[in-house]
**Q** 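Structure below; questions to follow.
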Amino acid sequence: MAAHLSYGRVNLNILREAARKELREFLDKCAGSKAIVWDEYLTGPFGLIAQYSLLKEHEVEKMFTLKSGRLPSADVKNIIFFVRPRLELMDIIAENVFRCHHSSRDFHILFVPRRSMLCEQRLKEQGVLGSFINIDEYILDLIPYDGDLLSMEYESAFRECYLENDQTSLYHTAKGLMTLQALYGTIPQIYGKGDCARHVANMMLRMKREFAGTQNQILPVFDTLLLLDRNVDLLTPLATQLTYEGLIDEIYGINNGYVKLPPEKFAQKKQGEASKDLPTEPKKLQLNSAEELYAEIRDKNFNAVGAALSKKAKIISAAFEERHNAKTVGEIKQFVSQLPHMQAARSSLANHTSIAELIKDITTSEAFFDNLTVEQEFMTGVDTDKVNTYIEDCIAQKDPLIKILRLVCMQSVCNNGLKQKVLDYYKREILQTYGYEHILTLNNLEKGGLLKPQTSSRNNYPTIRKTLKLWMEDANEQNPNDISYVYSGYAPLSIRLTQVLARPGWRSIEEVLKMLPGPHFEERQQLPSGLHKKRQQGENRTTLVFFLGGVTYAEIAALRFLSQMEDSGMEYIIATTKLVNGTTWIKSLMDRIPPSCF
Amino acid sequence: MTKSKADEEDYWNSSKFKAFTFDDEDDELIRLKESRQAVNSIQRLVEEDDDEDDVEKVSWSGEPVGSISWSVKETAASNQRTDREPAFPKIPTDTPSLSKSQSGYSLSSLFKGETGGRNFQSFTDTLSDSSIRLYAPELRKPKSEYKDYVSDWSPEETIQRLQQGKTAPLEKFRSLQDKLLLLDFAVSAHDGNVITAVLIYLKRTLSKEVLFRELESRQTALRHFIHYLTETKDQRLLLELLSLLVIHSYLFTVDFYFFTAKDSAHVQDHYTLLERQIIIEATDRQAERGGKVEIFQKFPRRASILNMPLITTLYYCCFYHYSEPEGTYSSPLNIRQAFKISEKQYFVTALAARAKLKAWLDVDALFTSRNWLGFTRKKSPLSFQRVVDVLQKNSAPTQVLQDYVGLVEDPDMRISLAQKHKCHDIVINTYRDMKDRQQLLGYRGKVGRGSAEERKIDELLNNQQIRWKN
């Protein structure tokens, strides 16, 4: 079912299995038939752990979303609420329970990821706490997302850390990393850059001290942990990703590993049949490395995807042609045995050809090109200190606000803050055009450091750019030799930091590190003697890179590229609070005074 | 495998969103519940007037924690409250805390002495929490360790405890001042659950007038409260709160959003805008209903202008009130002045509005300026390329378009726009000016056979005076 999780350097299926086991155990504790009432937010993350079949095997017969009012009827013994520990949800649960007339019902609550005394207290106040047979917690911190990727699916982490000064997500991060170490061994080296990174490392070290005495006897799988704050590199998520997977996310949005696509291109036309009514439901596809073709092309620059697809098409056609050569019974038998695999490859090819066509329509549009041109100008430091006429025009045309905010923030980041006059001008234009209520959003962006007035006359972005080689003139999109291919020229800052750490080490870039926000540090965790790895000659080291506050698909692609480079000597596993792109990220920082207030 | 997968998908896609049915008989239940809540709150108010110890007695009497007498009292209380409901109460025989500690969790058990131990820790810490007292016998500790729990916590300490997942009684905070202190500490702790907990307490113990008044000056708490009411679908209170906010909206915004001087200028603008919108809306609605004003008859308004952004309002006024004298609230020029709208923005908005109405004379007039010799010439703060774009989006006819395409300065851009919009004359003239015979020849194939354009091209090609570059 989730075999692709175990193909990688680190078998992440162990983590998934552990999570599934815990889920099964909880379900079995509620004996008899069950209905699950879901906090809707949780269904996506749970989908990465378990399919419905697992629940069904454990007698889950119905599933509902949590809503106030009365529970829909279901002829089951147990009602289980799967919820985040939020007080307002407790009141809804109380109402559900209160209005349930079946006296023989058993109620249970599963808090994800932690139980909370406050919530239980609230249930008690509402007079329903006593109705629950089981109150439990389900620790779902790090969810295996793919063979080399873990995500907490914690959307608001960046916002909470940088705007609201709420570090709950960091606590969960540290807990998640402790779980990971329990399964994969203590990680001997910890590096980090940024305030949140420092917090997480401190919490991990403290938690480790707290269970002093119980030595972890597992041979360490990871050699190094690198913790990176998103605010160390605010630029990368703002840029439009140009890898295949990155573009799918930018344009259609990948949610919990699924994408919804416009159905027109996927209509199946059978030969001889007139095209019937087009489907109206969006086409939903799961995207991960379990699909061979997707694993091959996801990280390519989009400009190299066409060639890869046509090459694949030829291979598949040739394979189908083989049937003419099959003469003997044995040969035919062998051909037939391969058919299912070939059919799957063919339908996978059809899907990705359709997706690539959809994307191409957009990437070849004038609007896309103009936007990209301005982004690249900013990233190379062209005219970042003036009001940009393209942005002005986009505002005048009332293009989507998020597009404007991405560009303005990018200009600000690439100029180490905007001149006060320029900033004021943009703000006024935005508020006048999109509504004054967005002043809250603009303030949030300032708080988060994405948009700011220039404080010193010195713009250090060019120094950072040059030292870390963030811009490569001749990025090779077809046969890349550098990570800059993922943004067709721009090498993501976060990944450069990762790359330099592996070789030659951060000491070589002390100056630049000081220009970026937050401390950088190194910690060591003692291993019990006997667990020190004896490394084979030429054996790669493994680094877990944890992006606190989100990571983009293009950054992941860049890390995978580094893992595959022959001489890098390093394999990367990626973990993050949430997979983001510029749009989802900015959206998570937006705020409006509820319109009904005005 | 594929089949089962499809089944699963179906299930996840459909059944979990199965429609919820709300029967009409529920209404009665809602009312019952409301009245029950009302009764409860009255009871609480009465208790508050009583001797302080009374409340304390329930949770802080000298009785051994978790004693049977206490448990019964608690059970009885919940019995009373819910006696209407046959399913209630369920005396928890299987206790949550115990089920947790007994479970052999795969992940959590990796943290022996962590998850389990921590839970115990927090449970013993929360003995003040009556729900836990029921199970206290298992958790009994030396009496000396309890002394902590009877001490008086300050608002700050109370919030800290709540934040650590411990409980602390809120009921002892009686005065408005104390309650507000509690709220302010909660807000500064940045913990949404704690803020909500305090808000729930305040909601229960303060009259809504007082609560709303205090919330207005506490933006974060207010947002949490609105969120809470939304989530719990307390529509009535939510509506009351929001309508109050509308009345006070500007006092509220101006005062409470952390604003710098520059920002408060924006807020002031917002206020001025809304003021104007209200006046314009009222006047225009009347005019529309009166049926005497032609423009409203020809182009009925699609929506109210209230709450629209400034530029949308400007567009609206350029559409319906273009030629009004500068003194009126709805005059576009007045709006431009009052809000310091940039020349470009004003220009592009007016252009779009007048083009939409096909008022080409107005469009023309926008560009016309006289120089000191009295000649008119077309000037624009916007590139003519963008002008063409706006006009074309408002489906301007070719005759209008070509006037502006001809003004695009860059010849290549001019040609490509002219080709796109079929302004043949401009293409031909530009090639002529560029002395590009080859291109002109090529273009000949694109115009209609025997058309005036073709003749014009032929004339040019035969013109001996032109020194072609190719």
Side-chain angles (χ1 to χ4, degrees), chain A residues 18 21-22 25 38 43 47 51-53 63-65 67-70 72 86-88 91-92 98-103 116-118 120-121 124 127 129-136 139 164-166 179 182 210-211 214 392-393 396 424 429 431-436 439 594-598, chain B residues 4 8 11-12 15-18 20-22 26 29 78 81-82 86-87 89-92 94 96 99-100 105-108 110 112-114 122 126 129 131 162 165-167 190-191 193 196-197 226 228 231-233 242 245-246 249 262-263 266 269-270 307 309-311 341 344-345 348 386:
Chain A
K21 179 165 177 261
E22 191 161 351
E25 281 171 1
W38 287 93
T43 54
Q51 307 304 124
Y52 177 60
S53 56
M63 301 211 281
F64 309 110
T65 38
K67 277 185 196 165
S68 67
R70 210 166 72 174
R86 299 231 173 153
L87 284 174
E88 61 268 15
D91 288 6
I92 300 176
F98 191 75
R99 294 173 69 176
C100 177
H101 299 288
H102 297 269
S103 51
S116 133
M117 288 311 299
L118 265 177
E120 288 167 43
Q121 172 76 15
K124 192 197 143 258
L129 185 70
S131 312
F132 291 96
I133 308 278
N134 281 300
I135 296 182
D136 247 309
I139 303 169
E164 292 157 8
N165 209 8
D166 173 351
T179 309
E210 280 168 14
F211 345 105
T214 52
E392 230 179 3
D393 287 349
D424 289 344
E429 292 281 295
L431 295 177
Q432 289 186 345
T433 307
Y434 296 92
Y436 289 102
I439 196 162
S596 38
C597 277
F598 293 91
Chain B
S4 76
E8 259 164 32
Y11 201 93
W12 281 86
S15 82
K16 88 180 145 109
F17 296 118
K18 222 165 227 170
F20 284 72
T21 51
F22 295 99
D26 285 0
L29 271 172
S78 60
R81 269 191 287 177
T82 56
K90 210 165 263 152
I91 298 165
D94 185 7
S99 70
K100 176 68 202 172
Y105 270 148
S106 48
L107 278 185
S108 30
L110 293 165
K112 276 198 192 102
E114 212 284 312
S122 58
T126 51
D129 173 11
S131 72
L162 288 176
K166 304 169 183 176
T167 48
H190 302 289
D191 184 327
N193 266 340
T196 311
I226 291 176
Y228 172 73
E231 287 286 329
T232 52
K233 300 239 166 30
L242 291 181
L245 290 177
V246 172
S249 64
K262 279 212 182 61
D263 283 342
H266 291 308
D269 278 353
H270 195 181
N307 293 320
L310 174 62
I311 296 299
I341 294 172
K344 254 191 201 177
Q345 276 277 25
V348 77
R386 287 270 297 120

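Computed over heavy atoms, backbone and side chain alike; hydrogens, waters and symmetry mates excluded. A quick note: this is a predicted structure, and the numbers were derived from the prediction, not measured. The chains referred to below are lettered A, B, ... by the order of the sequence lines, with proteins before strands, and numbering in each begins at 1.
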**Q** How long is the gap from OG1 on A:Thr433 to CD1 on B:Ile311, to the nearest 0.5 Å?
**A** 4.5 Å
**Q** Checking heavy atoms, do the side chain of A:Glu392, its backbone, both or neither come under 4.5 Å from chain B?
**A** side chain
**Q** Roughly how far, to the nearest 0.5 Å, is NE2 of B:His270 from CD1 of A:Ile439?
**A** 10.0 Å
**Q** Going from CD on A:Gln432 to CG on B:Asp269, what distance comes out if it is rounded to the nearest 0.5 angstrom?
**A** 7.0 Å
**Q** Examine the side chains of A:Glu429 and B:Gln345 and answer whether a donor and an acceptor come within less than 3.5 Å of each other.
**A** yes
**Q** Over all heavy atoms of both residues, which pair between A:Gly435 and B:Pro309 is shortest? Give the atoms and the distance, please.
**A** N-CB, 3.5 Å
**Q** Do B:Leu310 and A:Tyr436 make a side-chain contact, defined as non-hydrogen atoms from C-beta onward lying under 4.5 Å apart?
**A** yes
